[in-house]
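Report on one structure; see the data block that follows.
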2 protein chains.
Amino acid sequence: MAQARMAARQRGEEQTRARILGVAAEWFGAHGYAATSIRDIAREVGVTVGAIYVHFPSKDRLLVAVYEEGVRRIGEAVDAVPATVPPWERLEAAARAHLDALFDNAGFARVIVRVIPTDVPEAAKDLRRLRHGYEARFRRLVDALDVAPGFDRTLLRLQLIGALNATQAWYKQGGGGADTKSIASQFVAALRTGAASGKGRRG
Amino acid sequence: MAQARMAARQRGEEQTRARILGVAAEWFGAHGYAATSIRDIAREVGVTVGAIYVHFPSKDRLLVAVYEEGVRRIGEAVDAVPATVPPWERLEAAARAHLDALFDNAGFARVIVRVIPTDVPEAAKDLRRLRHGYEARFRRLVDALDVAPGFDRTLLRLQLIGALNATQAWYKQGGGGADTKSIASQFVAALRTGAASGKGRRG
DNA sequence: GGTATAAGTGAACGTTCGTTCACTGCACTC
DNA sequence: GAGTGCAGTGAACGAACGTTCACTTATACC
């Protein structure tokens with residue numbers, strides 16, 4: 001009985017903390033770090049500003065917590081791709097998982113793309129470390145590819161991740177445009193075999 | 001004589017206005033719109049905050065003016081590519097011009113990548129119009145390409161621009177890494193003929 | 001020389017920012 | 001049932017924000 005109440009209470013606590021984290025992710029991802037105030041978050045969660053500081057010591061630590069959760073989620077999605085799939089197909093599946101994480105309604109992944117580490121000097125070191133941990137997954141995926149001589153794998157990786165992250169600026173969910181599957185498919189196909197027709201293949 | 005003084009005075013005026021514009025471009029591009037204050041700009045220009053408002057009616061109008069100048073500069077750089085060059089080579093040259101504009105010391109072009117129109121509702125309409133005007137150049141460049149059936153030209157354009165703009169997050173000038181020429185070259189080459197070696201070209 | 005014009009000053013305005021803190025309410029222990 | 005511990009409150013803190021305005025200064029015009 002005592003344990004049950006304790007558990008219920010802890011659940012309640014965690015719910016508030018999780019809700020703060022979720023709202024913070026939405027706002028940091030949609031409007032950026034500087035443009036989001038602690039009061040914006042508190043208002044949307046339905047608590048007072050003081051309640052935020054019960055769970056997080058400062059605004060920048062809240063950001064780090066959001067970043068951490070974002071990296072965890074998007075990393076989980078990319079890791080779910082079976083290792084048995086051939087390299088280029090695996091990269092395509094990872095690209096699609098990355099896109100889907102970027103556009104799920106939670107918005108945790110968006111923060112990683114939107115908030116640049118140097119924007120928040122007090123948290124820059126942590127943010128860089130978290131980013132690096134995630135990008136290592138794509139590094140491994142790209143290392144497994146058969147790449148023609150003359151192509152730099154690092155540039156190839158940055159080209160793909162850059163294009164994927166930039167979708168955030170124009171992609172509209174549910175609109176008449178392409179879905180994440182076809183975007184990932186074409187992006188990887190272009191990098192793999194090229195988009196030029198026979199005439200344009202040699203310059 | 002009167003005309004000479006008039007000219008000198010106007011030159012002085014324009015110098016202050018131009019300096020405000022330049023510093024604003026640096027700060028908006030490096031730290032974002034919300035994280036840059038009018039006082040930051042005034043301090044670096046060496047004038048008081050009131051002086052800013054002599055030349056620009058509000059912070060968001062200052063942003064629009066910076067955006068306008070940024071679009072003008074990067075557009076000029078891309079337009080300088082000779083029309084006689086074959087389509088894929090022209091795209092590569094434009095990509096390099098885009099990168100160079102992004103990394104010149106002025107930082108006007110950086111603002112266009114960094115500040116998303118929706119971030120500043122009062123200026124969103126103007127910013128979108130200016131962006132659209134610039135992107136139309138790349139649309140024309142991509143329309144001129146020989147593209148294999150099954151590839152969406154719009155996605156192809158967004159993939160290239162996205163990857164180019166994302167370089168801002170990692171590219172370090174003068175470092176040991178690739179220069180803008182080789183980045184543009186590989187990005188376009190990958191999209192044109194693919195990066196896969198013989199083994200990986202068919203899935 | 002007197003007057004108009006416009007750049008730039010410096011101080012102030014009301015608001016919002018991140019953060020703090022004494023306090024309340026409630027679930028738990030002994 | 002007194003005492004402990006912690007989530008959450010509500011008001012306040014000083015600082016910084018965008019913006020305004022009466023004013024000074026310097027030049028151009030008559």
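Numbers restart at 1 for each chain; the letters A, B, ... are given by sequence-line order, proteins then strands.
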Checklist entry - Taking only residues two or more places apart in sequence, or in another chain, which ones meet A:F28 in a ring-ring contact (aromatic ring centres under 6.0 Å, His included)? => result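 If we apply the ring-ring contact (aromatic ring centres under 6.0 Å, His included) test to A:F28, skipping adjacent residues, the hits are A:Y33.
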Item to check | Test ring-ring contact (aromatic ring centres under 6.0 Å, His included) applied to B:Y171 - qualifying residues, sequence neighbours left out | outcome: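 Here the qualifying residues are B:F103.
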Item to check | Parallel, tilted or perpendicular, as decided by the 30° and 60° cut-offs, for the rings of B:H31 and B:W27 | outcome: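 B:W27 and B:H31: tilted rings.
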Test of understanding: with side chain to side chain donor-acceptor pair (under 3.5 Å), list the residues that count as partners of [X], not counting sequence neighbours.
X      : value
A:T48  : none
B:T118 : none
A:N165 : A:H98

Side-chain atoms of residues 123-131 of chain B: list all donor-acceptor pairs with protein atoms under 3.5 Å, sequence neighbours left out, distances to 0.1 Å.
{"unit_1": "B:D126", "atom_1": "OD1", "unit_2": "B:R129", "atom_2": "NH2", "d": "3.0"}
{"unit_1": "B:D126", "atom_1": "OD2", "unit_2": "B:R61", "atom_2": "NH1", "d": "3.0"}
{"unit_1": "B:D126", "atom_1": "OD2", "unit_2": "B:R61", "atom_2": "NH2", "d": "3.0"}
{"unit_1": "B:R131", "atom_1": "NE", "unit_2": "B:Y67", "atom_2": "OH", "d": "2.9"}
{"unit_1": "B:R131", "atom_1": "NE", "unit_2": "B:I112", "atom_2": "O", "d": "3.4"}
{"unit_1": "B:R131", "atom_1": "NH2", "unit_2": "B:I112", "atom_2": "O", "d": "2.6"}
{"unit_1": "B:R131", "atom_1": "NH2", "unit_2": "B:V115", "atom_2": "O", "d": "3.4"}

Checklist entry - Closest nucleotide of DNA chain D for A:V49 versus for A:V54: which of these residues is on the 5' side? => result A:V54
Checklist entry - Would you find a donor on one side and an acceptor on the other, under 3.5 Å apart, between the side chain of B:R153 and the backbone of B:V142? => result yes
Checklist entry - Would you say D:dC6 has OP1 or OP2 under 4.0 Å from some side-chain N or O of A:H55? => result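 For D:dC6, neither OP1 nor OP2 has a side-chain N or O of A:H55 closer than 4.0 Å.
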Checklist entry - Is the shortest side-chain N/O distance from B:T16 to OP1 or OP2 of C:dG8 below 4.0 Å? => result yes
Checklist entry - Which residues, if any, of residues 56-70 of chain B bring a heavy atom under 4.0 Å of DNA chain D? => result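 Under 4.0 Å from DNA chain D: B:S58, B:K59.
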Please report, rounded to the nearest Å, how far the [atom2] atom of [N] is from the [atom1] atom of [X].
X     : N      : atom1 : atom2 : result
B:I52 : D:dC21 : CD1   : P     : 18 Å
A:I20 : D:dA7  : CD1   : P     : 11 Å
A:Y53 : C:dC17 : OH    : P     : 11 Å

In a table with atom names and distances, give each donor-acceptor pair under 3.5 Å that connects a side chain of residues 78-87 of chain B to protein atoms at least two apart or in another chain.
{"unit_1": "B:D79", "atom_1": "OD1", "unit_2": "B:R137", "atom_2": "NH1", "d": "2.9"}
{"unit_1": "B:D79", "atom_1": "OD2", "unit_2": "B:R137", "atom_2": "NH1", "d": "2.2"}

Item to check | Sequence-distant partners of B:R73, salt bridge (Lys or Arg N to Asp or Glu O under 4.0 Å), two or more places apart | outcome: B:E69
Checklist outcome for this item: Sequence neighbours excluded, the answer for salt bridge (Lys or Arg N to Asp or Glu O under 4.0 Å) partners of B:D146 is A:K199
Checklist entry - Bend across the helix from C:dG1-D:dC30 to C:dC30-D:dG1, to 10°, with axes taken over 5 pairs at each end? => result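 Axis angle across the helix from C:dG1-D:dC30 to C:dC30-D:dG1, nearest 10°: 0°.
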Item to check | Members of residues 33-47 of chain B that approach DNA chain C, where some heavy atom sits under 4.0 Å away | outcome: B:R39, B:V47
